[in-house]
There are 2 protein chains.
Amino acid sequence: MVESNQGGESLLFLTDEQLRKGIEAMFFAYRAFTADPDRILEGMDYGRAHHRAIHFIHRAPGLTVTNLLTILGVTKQSLNRVLRSLIDDGLVEARVGRSDKRERNLHLTAKGAELERALSDAQRARMRAAYRAAGPVAVQGFRTVLEAMMDPEMRRQYQSLREGGV
Amino acid sequence: MVESNQGGESLLFLTDEQLRKGIEAMFFAYRAFTADPDRILEGMDYGRAHHRAIHFIHRAPGLTVTNLLTILGVTKQSLNRVLRSLIDDGLVEARVGRSDKRERNLHLTAKGAELERALSDAQRARMRAAYRAAGPVAVQGFRTVLEAMMDPEMRRQYQSLREGGV
DNA sequence: GAATTTACGTCAGCCTTGTTGACTTTCCAA
DNA sequence: TTGGAAAGTCAACAAGGCTGACGTAAATTC
């Protein structure tokens, strides 16, 4: 395959072969990425969906059900099943909204925070090892490419997530 | 949080906050990554599992069922369901092994290759746009971090995948 | 003040894709 | 010739997505 240069910059990294390698890297890395939390959750009555809910409730305490729905990109019914069990088991608390009483503000309980810590410790340990092995420049590139892959709306969400609501 | 330096190199990129950002970037980017093929497959009788099988059969034509099982990390029963429909619909051909007749060497038919092209065109288009936006240095970092995240065994698989078998 | 909209919850049913366990057939290799 | 490997299949189950329909409470609009 013949590659042309543009503005003197090599575009070798845009060959189909390079792109395919990137695609496969995403596939394998994502499996590794979820493996540790999955291992912790198996045996408990929870799964990956619970992990995601817990993560974002920890991340943005007080967020509403609709907020969480939007972030996770699932239906109300699907989230409800997960949230129901977390609330019933006392890991998540749903407080009636102060200004708008229709809303439910979601918080982790002490017990919920404990599980969150176990899960994110495991996930961060892998991430930390990878970051350390790759170095700061690579990490910067990693984040840049992932961000560029997101749809604009998702990217906005990703960037604007902060504590105290969404 | 106080950060220490080591060997004169900043370790700011290893803070929990940075790691958390990386974790969320993986989550959001992976959703975007699978969105386009998912859109193509919805309506057809296929799903993400079919896409994965098709991808790796295209990638390493002639690979055996056991090979594919190992790459995908699922059970024989789970893969068989997917493979069954692809073979019945004439997208995949399972040829009896030449040297070992117990083995089945998997190949895409013309029809299978056509779907593969549609799926990978969509996925590569997104990847290409992200790569182009991020630039070659970032892409290098992206690949480096993803590779570092994999388990050694998975990394070996990722690196050794080539045509003509696995 | 009445009507409409929003936020949330829930029931019922379906699909995909993963799992275990058990069993068969075919074939290679010691 | 016999044990083990490769593949296929049946059955049953679970997680976690989905749609559609409905109900209730609270906010908002007319």
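Throughout, a chain's letter reflects where its sequence line sits, starting with A, and its residues are numbered from 1. The model shown is predicted, which means the values in this text are computed figures rather than measured ones.
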| note | Taken to the nearest whole Å, CD/A:Glu42 to C1'/C:dT20 is 13 Å
| remark: Nucleotide by nucleotide, nucleotides 17-23 of chain D touches protein heavy atoms under 4.0 Å in the pattern (B base, S sugar-phosphate only, - none) BBBBB--
| request: Rounded to the nearest angstrom, tell me the gap between atom CG in B:Leu68 and atom C1' in D:dG8. | output: 15 Å
| said: Without decimals, in angstroms, what is the distance between A:Asp45 CG and D:dC13 P? | reply: 17 Å
| remark: When rounded to whole Å, the CE to P distance for the pair B:Met44 and C:dC15 reads 18 Å
| message | Can you tell me how the ring of A:Phe28 sits relative to the ring of B:Tyr158, calling it parallel under 30°, perpendicular over 60° and tilted otherwise? | response | perpendicular
| said: From CG of A:Asn80 over to P of C:dA7, roughly how many Å is that when rounded to an integer? | reply: 16 Å
| query | Once you round to the nearest 0.5 Å, how far does CZ of B:Arg143 lie from CD of B:Gln140? | reply | 7.0 Å
| field | Atom-pair distance (CG on A:Leu69; C1' on C:dG9), nearest Å | value | 12 Å
| message | Below 30° counts as parallel, above 60° as perpendicular, anything between as tilted: where do the rings of A:His50 and A:Tyr46 land? | response | tilted
| task | Just say parallel, tilted or perpendicular for the rings of B:Phe142 and A:Phe142, cut-offs at 30° and 60°. | result | parallel
| Where does the angle between the aromatic ring planes of A:Phe33 and A:Tyr30 fall among parallel (under 30°), tilted (30 to 60°) and perpendicular (over 60°)? | tilted
| field | Whole-Å distance separating the CG atom of A:Asn67 from the C1' atom of C:dT6 | value | 14 Å
| said: Under a 3.5 Å threshold, yes or no: a donor from one side chain and an acceptor from the other, between A:His51 and A:Glu116? | reply: no
| task | Using only side-chain N and O atoms of B:His50, determine if any of them is under 4.0 Å from OP1 or OP2 of C:dT17. | result | yes
| field | N-O pairing of A:Lys101 and A:Glu103 below 4.0 Å | value | no
If you restrict it to nitrogen or oxygen atoms, what contacts under 3.5 Å exist between nucleotides 28-30 of chain C and the protein, and what is each distance?
{"residue": "C:dC28", "atom": "OP1", "partner": "B:Lys101", "partner atom": "N", "Å": "3.1"}

| Heavy-atom side-chain contact between A:Leu79 and A:Val65 under 4.5 Å | yes
| task | Let me know the distance between NE2 of A:His51 and P of D:dA15, rounded to the nearest Å. | result | 18 Å
| remark: With B:Asp38 as partner, the option from B:Arg48, B:Arg31, B:Arg52 fulfilling salt bridge (Lys or Arg N to Asp or Glu O under 4.0 Å) is B:Arg48
